[in-house]
Amino acid sequence: MTITLFLVRHAAHDNVGYFLAGCTAGISLGEAGRLQVQRLGQRLRREDINEIYTSPRERTRETAEGIASACGLSLPQTDEALDEVNFGDWSGKTFEVLNDDPLWRRWNTTRSLTRTPGGETMLDVQARIFGLMESLASGGSKKRIALVSHADVIKAAVSHVLGLPIDAWPRFDIAPASVTTVVIGDWGAKVMTLNEVSL
């Protein structure tokens with residue numbers, strides 16, 4: 001039996017690219033993000049999804065709820081394994097401020113050896129997201145599940161499936177409201193689509 005997982009990055013909030021949202025509370029989707037959710041719902045309605053799991057962040061829950069509504073599914077289940085990277089003291093800071101921090105520069109050079117200040121490493125993130133994926137795959141039924149999460153979390157999962165080091169994260173993009181499809185079976189796992197964006 002195989003399981004198909006649709007790894008969905010949340011749609012855009014109004015300040016994507018300006019500051020590190022991280023686990024900061026109260027960050028909701030902007031107008032552009034709500035339009036992205038509509039397109040995501042239309043896209044994923046064709047996939048016969050059985051279940052939806054989401055990170056606890058507002059922007060992911062809003063994305064997941066929009067997909068669930070479009071697909072005629074019950075409310076998504078929240079799972080901490082899908083949560084954003086715990087960036088610790090960096091959460092909520094602008095990238096302009098962060099770029100002056102030597103530890104931030106080290107994080108973006110060798111994430112495999114760097115822990116966020118008061119937070120976690122990317123290897124911690126990779127272990128929790130792939131642990132959830134393995135748990136869902138062990139159910140033994142042929143399911144099609146959407147997992148709504150964050151860019152770095154999805155990159156960690158994809159890197160693991162492809163056998164890439166965690167420091168390979170800059171080599172591919174995970175855009176807002178994108179879908180990356182992973183299939184897992186007794187034979188292993190493979191990436192079927194990467195960073196698919198509905199226009």
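Counting begins at 1 with the first residue of the sequence. Computed from a predicted structure; not experimentally measured.
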* Nearest non-hydrogen partners of Ile184 and Ala137, listed with the distance -> CG2-CB, 3.8 Å

* Which residues pass the side-chain contact (heavy atoms from CB on, under 4.5 Å) test with Asn86, sequence neighbours left out? -> Glu120

* To do: Mind listing the closest non-hydrogen atom pair of Val153 and Ala81 along with its distance?
  => CG1-O, 4.3 Å

* Asked: Side chain of Asp167, backbone of Arg111: donor and acceptor closer than 3.5 Å?
  -> yes

* Asked: So if you build clusters from Ile, Leu, Val, Met, Phe, Trp, Tyr with side-chain heavy-atom gaps below 4.5 Å, do Trp169 and Phe95 land together?
  -> no

* To do: Check whether any side-chain N or O of Glu58 sits under 3.5 Å from a backbone N or O of Gly26 as a donor-acceptor pair, and report yes or no.
  => yes

* Can you tell me how far CG of Leu20 sits from CZ of Phe87, rounded to the nearest 0.5 angstrom? -> 4.5 Å

* Asked: Would a distance-only check, ignoring hydrogens and angles, find a side-chain to backbone donor-acceptor pair under 3.5 Å from Thr4 to Arg144?
  -> no

* Heavy atoms of other groups near Asn99 CG, more than 12 under 6.0 Å -> yes

* Under 3.5 Å: donor-acceptor pair, side chain of Asn195, backbone of Ser178 -> no

* Check whether any side-chain heavy atom of Leu44 sits under 4.5 Å from a side-chain heavy atom of Val8, and report yes or no. => yes

* **Thr63 (side chain) donor-acceptor with Ala11 (main chain) under 3.5 angstrom** => yes

* Flag side-chain contact, heavy atom, 4.5 Å: Thr180 against Phe172 -> no

* To do: Taking Ser159 for its side chain and Lys155 for its backbone only, find out whether a donor-acceptor pair lies under 3.5 Å.
  => yes

* Do the side chains of Arg61 and Glu65 get nearer than 4.5 Å, heavy atoms only? -> yes

* Can you tell me how far OG1 of Thr109 sits from CH2 of Trp104, rounded to the nearest 0.5 angstrom? -> 11.0 Å

* **Same apolar cluster: Leu162 and Met192, side chain cutoff 4.5 Å** => no

* Asked: For the side chain of Gln126 and the backbone of Ala156, is there at least one donor-acceptor N/O pair under 3.5 Å apart?
  -> yes

* Residues Lys93, Asp101: salt bridge by 4.0 Å N-O rule -> no

* Find out whether Phe6 and Thr193 are in side-chain contact, i.e. whether some heavy atom of one side chain is under 4.5 Å from a heavy atom of the other. => no

* Structure fact -> Ser74 and Ala68 have their tightest heavy-atom pair at O-CB, 3.7 Å

* Asked: So does Asp83 pair up with Arg128, basic N to acidic O under 4.0 Å?
  -> no

* Asked: Distance-only, no hydrogens or angles: does the Glu62 side chain make a donor-acceptor pair with backbone N or O of Leu29 under 3.5 Å?
  -> yes

* In terms of hydrophobic clusters joined by side-chain contacts under 4.5 Å, are Leu82 and Met122 together? -> yes

* Working for side chain to side chain contact (heavy atoms under 4.5 Å, CB included), residues Leu113 and Arg106 -> CA-CA 9 Å; Leu113 299 174; Arg106 182 179 177 202; 4.1 Å; yes

* To do: Could you tell me which non-hydrogen atom of Gln36 sits nearest to which non-hydrogen atom of Ala12, and how far apart they are?
  => OE1-N, 2.8 Å

* Spacing of Ile27 atom CD1 and Arg57 atom CZ [to the nearest 0.5 Å] -> 9.0 Å

* Asked: Passes side chain to side chain contact (heavy atoms under 4.5 Å, CB included), Val125 versus Asp152? Steps please.
  -> CA-CA 9 Å; Val125 174; Asp152 283 334; 5.9 Å; no

* Roughly how far apart are Leu103 CG and Leu98 CG, rounded to 0.5 Å? -> 10.0 Å

* Could you please spell out the steps behind the side chain to side chain contact (heavy atoms under 4.5 Å, CB included) verdict for Met133 and Leu147? => CA-CA 9 Å; Met133 292 166 69; Leu147 304 178; 4.1 Å; yes

* Does one hydrophobic cluster hold both Ile145 and Val183, with members joined at side-chain heavy-atom distances below 4.5 Å? -> no

* Asked: Is Leu73 linked to Val148 within one hydrophobic cluster, defined over Ile, Leu, Val, Met, Phe, Trp and Tyr using a side-chain heavy-atom separation of less than 4.5 Å?
  -> yes

* For Leu7 and Ala157, work out which heavy atoms get closest and say how close. => CD1-CB, 4.2 Å

* Starting at CG of Asp124, measure out to CZ of Arg115 and round the result to the nearest 0.5 Å. => 5.0 Å

* To do: Grab the two heavy atoms, one from Ser112 and one from Leu123, that are nearest each other, plus how far apart they are.
  => O-CD1, 3.8 Å

* From Cys71 SG over to Arg43 CZ, what is the distance, rounded to the nearest 0.5 angstrom? -> 10.0 Å

* Asked: Using the ring of each side chain (for Trp, its six-membered ring), is His13 parallel, tilted or perpendicular to His10, with breaks at 30° and 60°?
  -> parallel

